[in-house]
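First the structure, in the form of structure tokens, and then the observations on it.
The figures here come from the full heavy-atom set of this structure, side chains too, leaving out hydrogens, waters and symmetry mates.
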Amino acid sequence: MPLTALPTRYGIGGFGREAREFARMLADSGQSVWQILPLGITDFVHSPYASPSAFAGNPLLCDAEWLYERGLITRGELDEHRHEPFKVCDYEYAAKVKGKLLRSAFARFRLLPESAGYRTFILREGYWLDEFALFDMLKERFGRLPYWRWDEDIRLHRACAVKKCMKLFADEIEFRRFTQYIFDCQNRELRAYLDELGISLLGDIPFYVARDSADVWSHPELFSLDDDRTPKLVAGVPPDFFSEDGQLWGNPTYRWRELRDSGYKWWIKRLERCQRMYDITRLDHFRAFDSYYAIPAKAKTAKCGRWKHGPGRDFFDCLYSKLPEIKLIAEDLGDIGKSVVKLREYARLNGMKVMQFAFDGSDNEFLPHNYERNSVVYLGTHDNDTTAGWIHGLDDSSRRAVCDYLDIDVDSRDEEIVRRMMMAASMSSAELCIFSLQDLRCESSEMRINTPSKVGGCWMYNAGEINTETFHYLKQITMLYGRYPLNGRKLKKGKKL
């Protein structure tokens, strides 16, 4: 469940009291992991997978009550923007309210004695922080236009223009450093609370970054761009059964040779940042570390792209030499060849299994009896329909195949089929078993988080009131199938999950 889905009076959920209450319910039901979506700034359709920064956290997740408790805003300011509980996420309201409250907090923070924690944060995150703060400020100054439509000197990130803007807009840049510091403080406090409960936070890192991002603007040498910063090659996937034209994502691909020559510094800094935000990180689009699909930027469809070699083993050798304790999961879904499997095994990563992809034959790798130990099983991911919605949409033949496998009558209620799928996942040999909140509550398709390729209307899920009854069945099957964390077992110790 993403943080944004927590019940809230400030537009979207975040790091506040509701997160701790939810974590306590997880702990009481014997859970060891809470998986969330990326914590980065979202794009114009609220997707966390096309952020304007590969490093920055989303200030909209910052808790207003935390600011009040530390004397950074007044009770009046807090109450002025308290809204009736939201039924869906309202990012625009959150941006309006959190923006005002963070501005007030910043004004008071500047009157306080210098904070050693703030100085430490700025030094530790210096690799990306100033460039992001400058980029975000310039986006506002240029009316949110993409950076390639800015004035030439700053568009091309010329040193003289960067230095001039850093000095000229110092206060606005400092405000953005401050919001990232508040995000960092609240993230660390939530992780510390989860640690006390024995719960690991499982986060997510998108593979590609948006073209209109601080990273592409400030590090053009790492991406497939020409001298004018126009992409030469962009990412996507080739035509398949689902799309005759393939998918043209438009993100600039990486220049892996330059990244390798730098010791993969940018990527390692990025994963180091993830290691500070999460206990475990899911590598989105893992297959691209083995091979990625590159499409000429001027192409109208993905048909004319071609596969190119990714960094492979060399990347993970370098990563583990720099971050030996990092915990990762590979999102290895889709058309995966043997070389991808070998790379995942070489990197010692758990792969993903999704039960909604199963049930078309006994040899299907997504059926629970075929799982290997180094697997993470889901009924569905944030890109899938809710499982109740998926079941409701099955044709008669597919529904019978599901029910036959689960040894349940084909006329059973959808809720009972969902619970049987949860049982099958729980009794599998997969090391980790993760259910969505929607599936725990057997919610319909209207409650799904995202529909891939759909523009608008996604990422809006708000969980509303969450009570302990939601977790009764979860606790029951967690204990029944030996997944209860006896003797304080945690998933943070050791190289493996």
Check against ring-ring contact (aromatic ring centres under 6.0 Å, His included), Trp266 and Tyr127
CA-CA 9 Å; Trp266 181 86; Tyr127 178 77; 8.3 Å; no

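Between the side chains of Tyr378 and Asp439, not a single donor N or O lies within less than 3.5 Å of an accepting N or O. Side-chain contact of Glu431 with Asn350: a donor-acceptor pair under 3.5 Å is present, judged by distance alone. Using modelled atom types and a 3.5 Å distance limit, the side chains of Gln35 and Tyr278 yield no donor-acceptor pair. A donor and an acceptor atom, one from each side chain of Thr387 and Gln356, are located under 3.5 Å apart.
The SG atom of Cys318 sits 12.0 Å away from atom NZ of Lys265, with the distance rounded to the nearest 0.5 Å.
In this structure, Pro311 and Tyr264 have side chains that are in contact, with non-hydrogen atoms separated by less than 4.5 Å.
The cationic group of Arg20 lies under 6.0 Å from the six-membered ring centre of Tyr193 and within 45° of the ring axis, placing it in a cation-pi geometry.
Contact check on Glu172 versus Arg103 returns a salt bridge, with a Lys/Arg side-chain nitrogen under 4.0 Å from an Asp/Glu carboxylate oxygen. Arg273 and Glu125 are joined by a salt bridge, as a carboxylate oxygen and a charged side-chain nitrogen come within less than 4.0 angstrom of each other.
Not counting sequence neighbours, Phe132 has no partner by the ring-ring contact (aromatic ring centres under 6.0 Å, His included) test. Among residues two or more places apart in sequence or in another chain, the side-chain hydrogen bond (donor to acceptor under 3.5 Å, both in side chains) test is passed with Asn251 by none.
Note: Tyr208 and Phe223 fail the aromatic proximity criterion, with ring centroids not under 6.0 Å apart. Aromatic ring centres of Tyr10 and His81: separated by at least 6.0 Å. Ring-centre distance between Phe366 and Tyr371: not below the 6.0 Å cut-off.
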Which donor-acceptor pairs under 3.5 Å do the side chains of residues 209-217 make with protein atoms, sequence neighbours left out?
{"from": "Asp212", "atom 1": "OD1", "to": "Tyr147", "atom 2": "N", "distance (Å)": "3.1"}
{"from": "Asp212", "atom 1": "OD2", "to": "Lys139", "atom 2": "NZ", "distance (Å)": "2.4"}
{"from": "Ser213", "atom 1": "OG", "to": "Ala210", "atom 2": "O", "distance (Å)": "2.7"}
{"from": "Ser213", "atom 1": "OG", "to": "Val216", "atom 2": "N", "distance (Å)": "3.3"}
{"from": "Asp215", "atom 1": "OD2", "to": "Ala54", "atom 2": "N", "distance (Å)": "2.8"}
{"from": "Trp217", "atom 1": "NE1", "to": "Ile154", "atom 2": "O", "distance (Å)": "2.8"}

